Chemist: 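Next up is a structure, given as structure tokens.
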4 protein chains.
Amino acid sequence: MMNRVVLVGRLTKDPDLRYTPSGAAVATFTLAVNRTFTNQQGEREADFINCVVWRKPAENVANFLKKGSLAGVDGRLQTRNYEGQDGKRVYVTEVVAESVQFLEPRNSGQPRTGNNDFYGGSQGNQGNPFSQNQNQRNQGYTRVDEDPFSNDGQPIDISDDDLPF
Amino acid sequence: MMNRVVLVGRLTKDPDLRYTPSGAAVATFTLAVNRTFTNQQGEREADFINCVVWRKPAENVANFLKKGSLAGVDGRLQTRNYEGQDGKRVYVTEVVAESVQFLEPRNSGQPRTGNNDFYGGSQGNQGNPFSQNQNQRNQGYTRVDEDPFSNDGQPIDISDDDLPF
Amino acid sequence: MMNRVVLVGRLTKDPDLRYTPSGAAVATFTLAVNRTFTNQQGEREADFINCVVWRKPAENVANFLKKGSLAGVDGRLQTRNYEGQDGKRVYVTEVVAESVQFLEPRNSGQPRTGNNDFYGGSQGNQGNPFSQNQNQRNQGYTRVDEDPFSNDGQPIDISDDDLPF
Amino acid sequence: MMNRVVLVGRLTKDPDLRYTPSGAAVATFTLAVNRTFTNQQGEREADFINCVVWRKPAENVANFLKKGSLAGVDGRLQTRNYEGQDGKRVYVTEVVAESVQFLEPRNSGQPRTGNNDFYGGSQGNQGNPFSQNQNQRNQGYTRVDEDPFSNDGQPIDISDDDLPF
DNA sequence: TTTT
DNA sequence: TTTT
């Protein structure tokens, strides 16, 4: 059994950093990876690949990457499933990054700032970032959403069960 | 931009072989890849990764692999989305295999037989396998289903637009 | 910076297990990886790739793999150089395996036996396997040899400096 | 059998472009890939990995990459051997790049210039770049050199036998 | 100086 | 909705 993924692409948004109840950092982000070939209409499409990274590299990701950053990911493919809000099972395939490489030229290397800034954390997650969202059944570390990677500032349920090691 | 996936695992079912209107072969299968680590309960889990393969290797897959076969896949990650039957967008991440390796010992190498046999193709797809399924909006090469990998013998809509090259 | 190698092939010989002075296990082996294409003469050639693995997986390799075993390697490419016996610098490129997968069917999974047996270790390396080979300048974990992977039963100098972590 | 390598690193020199007798382009270059970890002395070392690329991508490499360029390589590991000038067999492990990615920011994307310029090609290889180097037995596409990747402007023997497909 |  |  082998499972290896290597990607280079650009973040579609600022990464999202959270913590499990036991304090482990988790960052999620989506990498847009342009295809090397064009489709029948001559357009170059992209794949949008959801990535998760844990612990120290999660904090590095949150500190050094932002929307548009060029990054490399070395990791493994993971599948999960959870019950969607309509009661249907939702299947998710994502990349668990074991290492993330910052491929921007030096000068873009300073900690990111702006609305979504990791240091200044504010709106949406004030107080306990894990204040339970009572009226939803959860499985896995994301709210039961159409797209588990979109969480629009709402509290999210991250379990220590998802720690990869 | 780089995008590379390498997997070794076992098929969860016999592969599924289809043809586009223009005659290109497509096989889909799911690889169960056991994790190298155990979870909090000490169980070894697996990831179930959907794979697609086109043209000649698709026919090889259909001829030589079956449920339980050990196989290696070298390919790339692809994302697609389509409108689910409830009108919601469904996001799919799968592996487009560029090469598939048969890792079973020699003697298991004879063409597979049985209900799902590639040669004897029968129920469900008799006649034109691409007889349009009129009352469904389609996008991508699968019927608008909750899970594009489950198609329970129904006609399926595979477009030549999905050919990777 | 990224560096990832994934291989599946067969061992050309029994693996070679040694220990550093501080007691860390190192196994070396060569993987024959058949090419998927044939040359101008219609022959299918192979690449012969030297691999190194450290610590616990080194002992697993020594215990479970032997000449002819099918194995998967996930690791990184490493380059080293040392002074050859003629005083010329020798450049070496090899794979440092981070994980090694045993791809043989179950029944071939018992610990290997025979002349080169890991347990019964005998001729050549009796006594201290690290008895220094005084009259040779060494660099890297192998004797200054034309080919660091050939050591024909002679004592070898493995330094803890080569530990990858 | 599987064989996959993915690298991101920087060119140690301008790439070297040549042509086989039948007119196929071949570029060679070395990628310095910094390690993610430091050695016992706390220094971050690098691996220096020789890469070969054929045909159209070879010309792109020659046109767009130069010493110091950040590049990604997706390919396979290949081994060759040839008789060195002292009559001893020399073993070479290198990466055959199937695709090469230019990871520099936009503005560095103009064709490279300078002494080694692909367009203005001059000293060393004037006339027939494959004027045979009579007094050397050759095997593989490089002159029998200590380091097959160093060729200091001398004619080189590249055979069409080395075409990967 | 190579594996099935 | 899973493989050995």
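Computed from a prediction, not measured in an experiment: that's the story for all the values here.
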Chemist: Under the rule for side-chain contact (heavy atoms from CB on, under 4.5 Å), what residues qualify as partners of B/T12, not counting sequence neighbours?
Modeler: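 Testing B/T12 for side-chain contact (heavy atoms from CB on, under 4.5 Å), a comparison that skips the adjacent residues, returns B/T30, B/A32, B/F48.
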Chemist: Specify the separation, in whole Å, of atom CZ of D/R89 and atom P of E/dT2.
Modeler: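 Distance check: D/R89 CZ to E/dT2 P gives 10 Å.
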Chemist: Nearest-Å distance, CZ (C/F48) to P (E/dT3)?
Modeler: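 These atoms are roughly 7 Å apart.
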Chemist: Taking the side chain of C/N50 as heavy atoms from C-beta outward, which of F/dT3, E/dT2, E/dT3 is closest to it?
Modeler: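 Nearest to the side-chain atoms of C/N50, counting from C-beta on, is E/dT2.
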Chemist: Give a yes or no on whether a salt bridge exists between B/R4 and B/E98, defined as a side-chain N under 4.0 angstrom from a carboxylate O.
Modeler: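 Salt bridge flag = yes for B/E98 with B/R4.
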Chemist: Counting the atoms with a prime plus P, OP1 and OP2 as sugar-phosphate, which does B/G9 contact under 4.0 Å by heavy atoms, base, sugar-phosphate, or nothing?
Modeler: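 Touches nothing.
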Chemist: Counting heavy atoms from C-beta on, name the nucleotide in F/dT2, E/dT2, E/dT3 closest to the side chain of B/T30.
Modeler: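 Of F/dT2, E/dT2, E/dT3, F/dT2 is nearest to the side chain of B/T30.
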Chemist: In whole Å, what is the span from the CG atom of B/L103 to the C1' atom of E/dT3?
Modeler: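 About 15 Å, once rounded to whole Å.
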Chemist: Just how far, in rounded Å, is P of E/dT3 from CG of C/D47?
Modeler: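 Computing the C/D47:CG to E/dT3:P distance gives 14 Å.
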Chemist: Report the distance from atom CZ of C/R35 to atom P of E/dT3, rounded to the nearest whole Å.
Modeler: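 Interatomic distance, CZ of C/R35 to P of E/dT3: 16 Å.
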Chemist: Return the value, rounded to whole Å, for the distance between atom CD1 of C/I49 and atom C1' of E/dT2.
Modeler: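 About 12 Å, once rounded to whole Å.
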Chemist: Using whole Å, what does the distance between atom P of nucleotide E/dT2 and atom CG of C/D14 come to?
Modeler: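 It is 17 Å, rounded to the nearest whole Å.
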Chemist: So which nucleotide from E/dT4, F/dT3, E/dT2 ends up closest to the side chain of B/R10?
Modeler: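 In terms of side-chain proximity for B/R10, the closest of E/dT4, F/dT3, E/dT2 is F/dT3.
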Chemist: Quick one: side-chain contact (heavy atoms from CB on, under 4.5 Å) partners of C/R44, sequence neighbours excluded?
Modeler: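 Counting only residues at least two positions away or on another chain, C/R44 forms a side-chain contact (heavy atoms from CB on, under 4.5 Å) with C/N34, C/T38.
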Chemist: Given atom CD of C/E94 and atom P of E/dT2, what is their separation to the nearest angstrom?
Modeler: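 After rounding, the reported distance stands at 20 Å.
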Chemist: Using only heavy-atom distances, determine whether the side chains of B/E45 and B/N39 contain a donor-acceptor pair under 3.5 Å.
Modeler: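 On atom types as modelled, these side chains qualify, holding a pair under 3.5 Å.
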